[in-house]
Amino acid sequence: MQLKNLIDLDRLTLGEIHELIKLSNNIRNNPWVYRESCRGKIMASLFTVPAVAAQMAFQAAMYRLGGEVIRFDSPDSTSFLRQGSLKAVVSAVGGCADLLVLRSTAEGTAAAAALYSSKPVINAGDGEHLRPCETLSALAAISDKKGRLDHLCVGLCGNLKNSPEALSLIQTFMRYKGNSFVLVSSLEDTLPQYIKDSLDAAGCKYTEASGLDEMISALDVLYITCTQKENIGKDEHTERKKILSEKVIERAKKDLMVIPSELCGVEMEDVAADDERVVDLTEYGLYTRMALVLTLLQNAGSCGKRKVPHSTHPSRCTNPKCITRTEPYLPNLFSEAGDMLECKYCEGRMLI
């Protein structure tokens, strides 16, 4: 496997995803074999958005492989680039570290960084765009528990409009044969139309519903996203409506897998949260990150600095959250999607 960066799982073949999952299982079963695999290597953890669980998982992964971590984390996203452009920061940090892990508010940051980095880049989250590492962890857990990643009925419940974890999971699962989806959300939190268009184009069946009550008996996997605080009222102590109750989970299959997004147990009643069908992704997240770090560092010797491509279109991306809006030197890179242009950084779309 010649994986150089992890920007988006869509850039990996299904075979490469399988190889990463296979390696993570091997590390989980034989951790002592890999404890010195990254001795002498340094990972730079560059987080401009608070994400405790994700950052700790990456740090733990590197330490368990015998490597070291240097970190930058700040709730002020502008401080990351105060000393220069993303290009300059990536170049400077790449001179100190062997691997860069980025999380930021600007969509497409990791994709842009990879254009100028001579070291491997991992996308740990870019705004409301992608969460490839969380998706890989979920795939590893489902593969382990179900023994397959195809012909599954996958339910996604909660805020589907603003959940990059849910969007990443759908985009990956639609690549496997025979998968269908049940999308449970309120009207204001429904799945974005461009994702529904992708499901239609891939021939994936999906059903939309406002509640789990009537749908849960059909599900093999249920992924629960967090409700956004801004959607539950100004009082931060307002009681959230529980997505998964004891009454609802009683009607589910005995082998249902329930996967709550990281630090998201508040969406379930206590009895439901304690059900044996609820899977904690923490361990899977650690070992998939170990597999990813190890693979990228093993391939790093052949990375080199890539030639930056020329712009494919004269116009800039119209997505206000795209990294190109704050980094004007970046080439305008688009691919055609019907009568639309799709930005190769943030996947934002605009008419040709």
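Everything numeric in this text was worked out from a predicted model, so none of it was measured. Start at 1 with the first residue, then count along the sequence.
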With sequence neighbours left out, write down each residue that passes salt bridge (Lys or Arg N to Asp or Glu O under 4.0 Å) with Glu342, or none if nothing qualifies. Arg349

Sequence neighbours excluded - ring pair (Phe, Tyr, Trp, His ring centres under 6.0 Å) pairs with any residue from residues 326-347: Tyr116-Tyr329, His313-Phe334

Between the side chains of Asn25 and Asn29, is a donor N or O closer than 3.5 angstrom to an acceptor N or O? no

Scan Lys146, Arg277, Lys145 and name whichever one has a side chain to side chain contact (heavy atoms under 4.5 Å, CB included) with Asp255. Lys146

Do any N or O atoms from the side chain of Arg28 and from the backbone of Ser24 form a donor-acceptor pair under 3.5 angstrom? no

Answer yes if the side chains of Asn319 and Glu107 hold a donor-acceptor pair under 3.5 Å, and no otherwise. yes

Is Lys344 salt-bridged to Glu336, cutoff N-O under 4.0 Å? no

Can you list everything that forms a ring-ring contact (aromatic ring centres under 6.0 Å, His included) with His151? Sequence neighbours excluded, please. none

Consider only side-chain N and O atoms of Tyr34 and Asn26, and report whether a donor and an acceptor are under 3.5 Å apart. yes

Test item: side-chain donor near acceptor, Ser85 and Glu327, under 3.5 Å: no

Linking I/L/V/M/F/W/Y whenever any side-chain heavy atoms sit under 4.5 Å apart, do Leu130 and Leu115 land together? no

Residue set satisfying side chain to side chain donor-acceptor pair (under 3.5 Å) with Lys253, at least two apart, ordered chain then number -> Asp220

Using every non-hydrogen atom in the two residues, find where Leu9 and Ile17 come nearest and quote the distance to one decimal. O-CD1, 4.2 Å

Under the salt bridge (Lys or Arg N to Asp or Glu O under 4.0 Å) rule, collect the residues that match up with Asp213, sequence neighbours excluded. Arg251

Should Lys161 and Glu188 count as an ion pair when the cut-off is N to O under 4.0 Å? no

I'd like to know if Glu208 and Lys196 make a salt bridge, using a cut-off of under 4.0 Å between side-chain N and carboxylate O. yes

Once salt bridge (Lys or Arg N to Asp or Glu O under 4.0 Å) is applied, do any residues pair with Lys41, and if so which ones, sequence neighbours excluded? none

Residue from Asp144, Thr288, Leu136 passing side chain to side chain contact (heavy atoms under 4.5 Å, CB included) with Ile21: Leu136

